[in-house]
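Encoded as structure tokens, the structure appears first; notes follow it.
The shown structure was predicted, so the numbers you read here are calculated from the model rather than taken from an experiment.
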2 protein chains.
Amino acid sequence: MQSNEQLLALIENHLAQIEFAAEPELLYAPIGYSLAGGGKRLRPMLTLLGCSLFTDEVQRALPAASAVEVFHNFTLLHDDIMDNAAVRRGKPSVYAKWGQNVAILSGDAMLICAYRLLGEVPPQLLPHILRTFNTMALEVCEGQQYDMDFEQRQKVSVVEYMHMIELKTSALLAGATVIGALLGGASEEDCRKLRRFAVELGLAFQLQDDLLDSYGDQRLGKAIGGDILEGKKTYLMITAMSRAEESARDVLRNAYRDPMLTDAEKIAAVKAIYDRYDIPRLTEQQISLRFERALGILETLSVDPARLEPMREYARGLMGRNK
Amino acid sequence: MQSNEQLLALIENHLAQIEFAAEPELLYAPIGYSLAGGGKRLRPMLTLLGCSLFTDEVQRALPAASAVEVFHNFTLLHDDIMDNAAVRRGKPSVYAKWGQNVAILSGDAMLICAYRLLGEVPPQLLPHILRTFNTMALEVCEGQQYDMDFEQRQKVSVVEYMHMIELKTSALLAGATVIGALLGGASEEDCRKLRRFAVELGLAFQLQDDLLDSYGDQRLGKAIGGDILEGKKTYLMITAMSRAEESARDVLRNAYRDPMLTDAEKIAAVKAIYDRYDIPRLTEQQISLRFERALGILETLSVDPARLEPMREYARGLMGRNK
């Protein structure tokens, strides 16, 4: 069995070898730029790891793994237009670098390229894998729309928020994992379990992302408080809104747009309320619950327990729990 | 064999029965709105007619026909953002009605829905049909990018223009026809011929569209001169630029943005030059050449000549040459 580092190398290598036409340049250059931009390659890793649960021949999952990564990068490209985001992974976004029209159209071409890669799976598996991919892709769009809807709304419940990230984040992780499993020869039953595994992992991952944005992570050295300054409805914000008394809710609602406060003061004001209502610990609890549930589901797969270790190790590493 | 009116009714019926989720509303309502907006249904008609060349069981081509129509409407949705177009088929465009972000995201969902419909073709044909569809879809994006590139350029040759519309217009007609033929059981050889047939038909169709925009069509009662007022590089404009002397070229280049001229004067100035250089007749000639070539290719298919008539009749009707 290959190590997770070897799997990552396989993915980088496969992505680098995808052939795109050279012309028209404004259509294809942004695709190469976007795919060369790095990132964790989380989703294609899940495809290969999903496959490796059932077979050592993970190479066969590479085109689908790349399809999933190309799809993910397509969503980032269009999301950056909708969010008016100028920076992506420390570099100018395609939207900022080439403008809106190029970002729309090269994003479209990228989505089509994802389907072209998907077309390389073994023919007998194509109908099932295409169906899984389509469902996943539509769910991601639904999640993005709910996310935008929520920006316009006064009140969002925790249940609504969890449903939104289940679509926007977990669906892609679940699709990526299940497609890998299908290519490895998994049974329907194991595919269903892996879907639930990846959904829980995705929820844990997204909540951790929300937590780190406000409370930081030494490993990342990322600027802290971006979500607070944007007034984003994160898990922390929504949970705090549901637990705080009215005067505190007023601060949560308005601090980010208070012209009398500096950025540091806005962040401090919101975090003081988070701390008062124990939001970081509640979030940690929810993350652990989801993560442990994910690992528990993994144990129930009908495979030799030794095959589970790479997926478990990868999931732990993703959550910063590898020690 | 069904009449062309019956084929159109089959398409409308199938399109109306596609199931889209209700929520999130801003994602799915624009898709229904867009598909209910009418249009000729040219592309799905070519899919059914392509199928009917080889079998009477055209029903089997309905999901693919709808996939092609949904794809076409997806391109219109995104094109309207890129072209800043407020009106589509006499109604507000999705972009104008719901705004840019909704148009981007529901367009993306529409493209995915097209693939979902495509997934309904018989499994043994799916790999081939998916490949054909992907190539077609990428070509349409390439054509749209070249079209936008040309807007920024001073000079575009007739050859470059024909290549652009072969991608932007003909590729979709060719893909639609060939996919229908594949579903009808056509040989590779007949598929190749039908591709060439549809490419020529698409070129004739696009040049006729260019001609009618400046010289009108009693049937449509459409406002005349839109392309001229936008300074668009149409077949007429490009051909005129290649034939006219410098003083006339100067008018062609600048009339549309001359603040001293009314719209009617701008149109009259440009058309006077078109007429002086015989551009309408040259365009007509090119249209006839392409159209006759398309019909000629049809004759060479290895099918009972009686099966050709519905496709021939439809193509003639499309070009207003049914008498």
| remark: Note: A:Cys141 and B:Leu105 closest approach over all heavy atoms is O-CD2, 3.6 Å

| said: What part of A:Arg131 gets within 4.5 angstrom of chain B, counting heavy atoms only: side chain, backbone, both, or neither? | reply: neither

| remark: So, the part of A:Glu23 with a heavy atom under 4.5 Å from chain B: the answer is both

| message | Please identify, among B:Leu111, B:Asp83, B:Asn101, B:Ile81, the residue contributing the most non-hydrogen atom pairs under 4.5 Å to chain A. | response | B:Asn101

| field | Residue A:Arg60 excluded, over 12 heavy atoms near CZ under 6.0 Å | value | yes

| Beyond-backbone contact of B:Leu138 with A:Arg116, side-chain heavy atoms, under 4.5 angstrom | yes

| chain B contact via A:Tyr28 - side chain, backbone, both or neither, heavy atoms under 4.5 Å | side chain

| field | Part of A:Leu130 within contact of chain B (heavy atom distance under 4.5 Å) | value | side chain

| Measuring heavy-atom distances to chain B, does A:Asp149 have an atom under 4.5 Å in its side chain, in its backbone, in both, or in neither? | side chain

| Do you know which two heavy atoms are closest between A:Tyr115 and B:Ile112, and how far apart they sit? | OH-CG2, 3.7 Å

| Top contributor to chain B interface from A:Gln145, A:Gln144, A:Glu120 [non-hydrogen pairs under 4.5 Å] | A:Gln145

| remark: If you tally heavy-atom pairs under 4.5 Å between each of B:His78, B:Gln124, B:Glu25, B:Met82 and chain A, the highest tally belongs to B:Met82

| note | One should read off an interatomic distance between B:Met148 CE and A:Leu27 CG, to the nearest 0.5 angstrom, of 8.0 Å

